[in-house]
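Input: a single structure, listed below in structure tokens.
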Amino acid sequence: MATDFSSIPIIDIGLLLAKADDPKMAEDPGVLEVVRNLDKACTEAGFFYVKNHGISNTLLKEVRDITRRFFELPYEEKTKIKMTQATGFRGYERIGENITQGVPDMHEAIDCYREVTKGMYGDLGKVMEGYNHWPQNPPKFKVLIEEYISLCTELARKIMRGIALALGGSPGEFEGHRAGDPFWVMRLIGYPGVTNVNGTDVLKNDIGCGAHTDYGLLTLLNQDDDINALQVRNLRGEWISAPPVPGSFVCNIGDMLKIYSNGLYESTLHRVINNSTKYRVSVVFFYETNFDTAVEPLDTQKTRINGNNKFERAVYGEHLVRKVLTNFVEE
Ligand SMILES: N=C(N)NCCCC[C@H](N)C(=O)O
Ligand SMILES: O=C(O)CCC(=O)C(=O)O
Ligand SMILES: [Fe+2]
């Protein structure tokens with residue numbers, strides 16, 4: 001359960017990554033130290049930074065820069081890869097097209113999802129059928145982002161092995177039928193800055209992204225180095241800043257991990273407000289379960305509260321489809 005945390009911890013995960021595929025990882029003191037830190041952060045805040053994660057700061061920056069260069073293009077160029085129902089909700093969405101709690105968000109984005117081929121998940125998957133649409137401009141966009149997606153997938157898988165231990169399970173708890181074929185989501189997002197009209201700041205971009213929780217297991221957020229815009233809500237209802245920590249990822253728990261942990265870990269509410277005059281970019285990778293897996297509390301977490309399930313089971317794909325179908329304004 002989230003607490004009255006007032007800041008978000010930074011966790012060095014180097015020792016976990018070094019042994020993450022070692023069959024004896026659960027006996028390694030370095031791994032166990034990281035696991036304790038993960039457990040504490042997930043229990044107290046549902047949010048943490050990771051450092052020593054093995055993805056270079058140069059690549060993190062390259063990914064943000066190419067995203068920024070795309071958003072700088074004229075609107076007509078950007079809508080060449082327009083997101084529609086027919087593209088399985090993949091592609092470019094303009095500022096104000098995404099809505100959160102009924103209010104248009106002041107961001108533009110390219111949304112990408114693991115490819116879903118025709119009939120792959122039957123009727124459940126129909127809405128998400130499609131492949132990703134990459135811009136021709138800037139050049140090398142697809143190659144760079146696909147490389148990044150594969151590194152993020154591997155990193156998230158390893159952090160989840162640590163979290164599996166934190167929940168009293170075996171390291172592979174989130175592999176196989178649970179998340180062995182992780183449905184990933186990637187959002188490349190741009191938040192316009194405050195514009196200055198006749199010496200007065202105009203808060204055009206009041207809410208960059210309204211308060212929400214993420215949908216799956218674990219989110220890896222790569223945000224601009226110089227703008228403080230992400231806020232996380234604690235139990236007391238205060239909004240706590242998650243300022244940039246250069247070279248790190250901000251990680252947070254999604255709705256499916258809340259269920260697996262039987263509520264021990266919270267999928268914490270967060271929002272984005274860009275009060276700076278600069279345009280802000282964030283690139284967000286969501287590591288999720290298998291699309292069609294039924295999610296329910298792990299046995300180790302059921303016994304924690306006398307064998308009872310605190311939460312209903314959910315099918316991740318149904319949860320995602322429900323969100324996607326209500327996330328966008330009607331054209
Ligand atoms: N795939 C994820 N998690 N996307 C997060 C987007 C949050 C905003 C969305 N309109 C909402 O209300 O959920
Ligand atoms: O841009 C950010 O800092 C956060 C974005 C976010 O929360 C999301 O896309 O789910
Ligand atoms: Fe989010």
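Counting from 1, the numbers follow the sequence of the chain as shown. Whatever order the structure lists them in is the order used to number ligands and atoms, beginning at 1. It should be emphasised that the depicted structure is a prediction, and the values quoted were computed from it without experimental measurement.
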Check your understanding: Counting only heavy atoms, which portion of Thr219 has something under 4.0 Å from ligand 1: side chain, backbone, both, or neither?
Key -> neither
Practice item. Calculate, to the nearest 0.5 Å, the distance between atoms CD1 and CD belonging to Ile11 and Glu33 respectively. Key: 10.0 Å
Exercise for review: For atom 1 (N) of ligand 1, find the nearest protein heavy atom and state the residue, atom name and distance (0.1 Å precision).
Suggested key: Tyr215 CE1, 3.3 Å
Check your understanding: In ligand 2, which numbered atoms sit nearer than 4.0 Å to a non-hydrogen atom of Phe286?
Key -> 8 (C), 9 (O), 10 (O)
Practice item. Find all atoms of ligand 2 within a distance of less than 4.0 Å from any non-hydrogen atom belonging to His270, and give their numbers and elements. Key: 7 (O)
Exercise for review: Please state whether the rings of Trp134 and Phe141 are parallel, tilted or perpendicular, taking 30° and 60° as the class boundaries.
Suggested key: tilted
**Study point:** Sub-3.5 Å N/O-N/O distance, Lys323 and ligand 1
**Key:** no
Check your understanding: How about Met186 and Ile145: do any of their side-chain heavy atoms sit closer than 4.5 Å?
Key -> yes
Review point. So is Gln101 polar-close to ligand 1, meaning N/O to N/O under 3.5 Å?
Key: no
Check your understanding: Atoms of ligand 2 less than 4.0 Å from Asp214 heavy atoms?
Key -> 10 (O)
Practice item. Would you kindly specify which portion of Arg187 sits under 4.0 Å from ligand 1, judged on non-hydrogen atoms: side chain, backbone, both or neither? Key: side chain
Point to revise | atom 4 (C) of ligand 2 - nearest protein heavy atom and its distance | key: Val272 CG2, 3.6 Å
Study note, to complete from the structure: closest protein heavy atom to atom 3 (N) of ligand 1 is Phe286 CE2, 3.2 Å
Check your understanding: Is it true that atom NZ of Lys19 has more than 12 heavy atoms of other residues, nucleotides or ligands lying nearer than 6.0 Å?
Key -> no
Check your understanding: Between the side chain of Gln101 and the main-chain N/O of Ala211, is any donor-acceptor distance below 3.5 Å?
Key -> yes
Exercise for review: Between Gln223 and ligand 2, find which residue part has any heavy-atom pair under 4.0 Å and reply side chain, backbone, both or neither.
Suggested key: neither
Review point. Are Asp214 and His270 linked by a side-chain donor-acceptor pair shorter than 3.5 Å?
Key: yes
Revision key, fill the gap. Near Ile189 (heavy-atom distance under 4.0 Å), the atoms of ligand 2 are 9 (O)
Review point. Does an N or O from Val185, backbone or side chain, lie closer than 3.5 Å to an N or O of ligand 1?
Key: no
Review point. When the ring planes of Tyr316 and Phe183 are compared, do they come out parallel, tilted or perpendicular, using 30° and 60° as the limits?
Key: tilted
Study note, to complete from the structure: Ranked by distance from atom 5 (C) of ligand 2, the top protein heavy atom is Tyr191 OH, 3.5 Å
Check your understanding: Using 30° and 60° as the class limits, which term best fits the ring planes of Tyr131 and His133: parallel, tilted or perpendicular?
Key -> parallel
Practice item. May I ask you to say whether Asp224 pairs ionically with Arg68, meaning some side-chain N is under 4.0 Å from a carboxylate O? Key: yes
Review point. Hey, is CD on Glu238 packed in by over 12 heavy atoms from elsewhere, all under 6.0 Å?
Key: yes
Study note, to complete from the structure: Ranked by distance from atom 7 (C) of ligand 1, the top protein heavy atom is His212 CD2, 3.4 Å
Exercise for review: For the residue pair Glu108 and Tyr92, confirm or rule out a side-chain donor-acceptor distance under 3.5 Å.
Suggested key: yes
Exercise for review: Please check if the side chain of Thr79 supplies one atom and the backbone of Lys82 the other of a donor-acceptor pair under 3.5 Å.
Suggested key: no
Point to revise | Distance from atom 8 (C) of ligand 1 to nearest protein heavy atom, with residue and atom | key: Thr100 OG1, 3.2 Å
Review point. For ligand 2, is there an atom lying under 4.0 Å from some heavy atom of Arg280?
Key: yes
Exercise for review: Can you sort out which atoms of ligand 1 are near Asn98, meaning under 4.0 Å from one of its heavy atoms?
Suggested key: 9 (C), 10 (N)
Study note, to complete from the structure: CD1 of Ile159 to CG of Leu218, rounded to nearest 0.5 Å, is 5.5 Å
Review point. According to a 4.5 Å side-chain heavy-atom criterion applied to Ile, Leu, Val, Met, Phe, Trp and Tyr, with indirect links allowed, do Ile149 and Val283 form part of one hydrophobic cluster?
Key: yes
Check your understanding: Of all the non-hydrogen atoms in the protein, which one sits nearest to atom 9 (C) of ligand 1, and at what distance?
Key -> Asn327 OD1, 3.3 Å
Study note, to complete from the structure: So CG of Leu217 and CD1 of Ile163: to nearest 0.5 Å the spacing works out to 8.5 Å
Review point. For the side chain of Asn275 and the backbone of Val194, is there at least one donor-acceptor N/O pair under 3.5 Å apart?
Key: no
Practice item. Would you confirm whether Thr293, through its side chain, and His177, through its main-chain N or O, come within 3.5 Å as a donor-acceptor pair? Key: yes
Point to revise | Non-hydrogen atom of His212 closer than 4.0 Å to ligand 2 | key: yes
Practice item. Could you check Arg64 against Asp225 for salt bridge (Lys or Arg N to Asp or Glu O under 4.0 Å), going step by step and ending with a plain yes or no? Key: CA-CA 10 Å; Arg64 297 194 307 270; Asp225 270 355; 3.7 Å; yes
Check your understanding: What atoms of ligand 2 come closer than 4.0 angstrom to any heavy atom of Ser282?
Key -> 1 (O), 2 (C)
Exercise for review: Take the Fe ion (ligand 3) and tell me which protein N, O or S atoms are nearer than 2.8 Å.
Suggested key: His212 NE2, Asp214 OD1, His270 NE2
Study note, to complete from the structure: Atoms of ligand 2 under 4.0 Å from any heavy atom of Arg187, numbered from 1 in the order shown, are 9 (O)
Check your understanding: Is it the side chain, the backbone, both or neither of Val250 that has a heavy atom closer than 4.0 Å to ligand 2?
Key -> neither
Exercise for review: Just let me know how Thr219 lines up against ligand 2, side chain, backbone, both or neither, with a heavy-atom cut-off below 4.0 Å.
Suggested key: neither
Review point. Hey, which atoms in ligand 1 end up nearer than 4.0 Å to a heavy atom of Ile99?
Key: 10 (N), 12 (O)
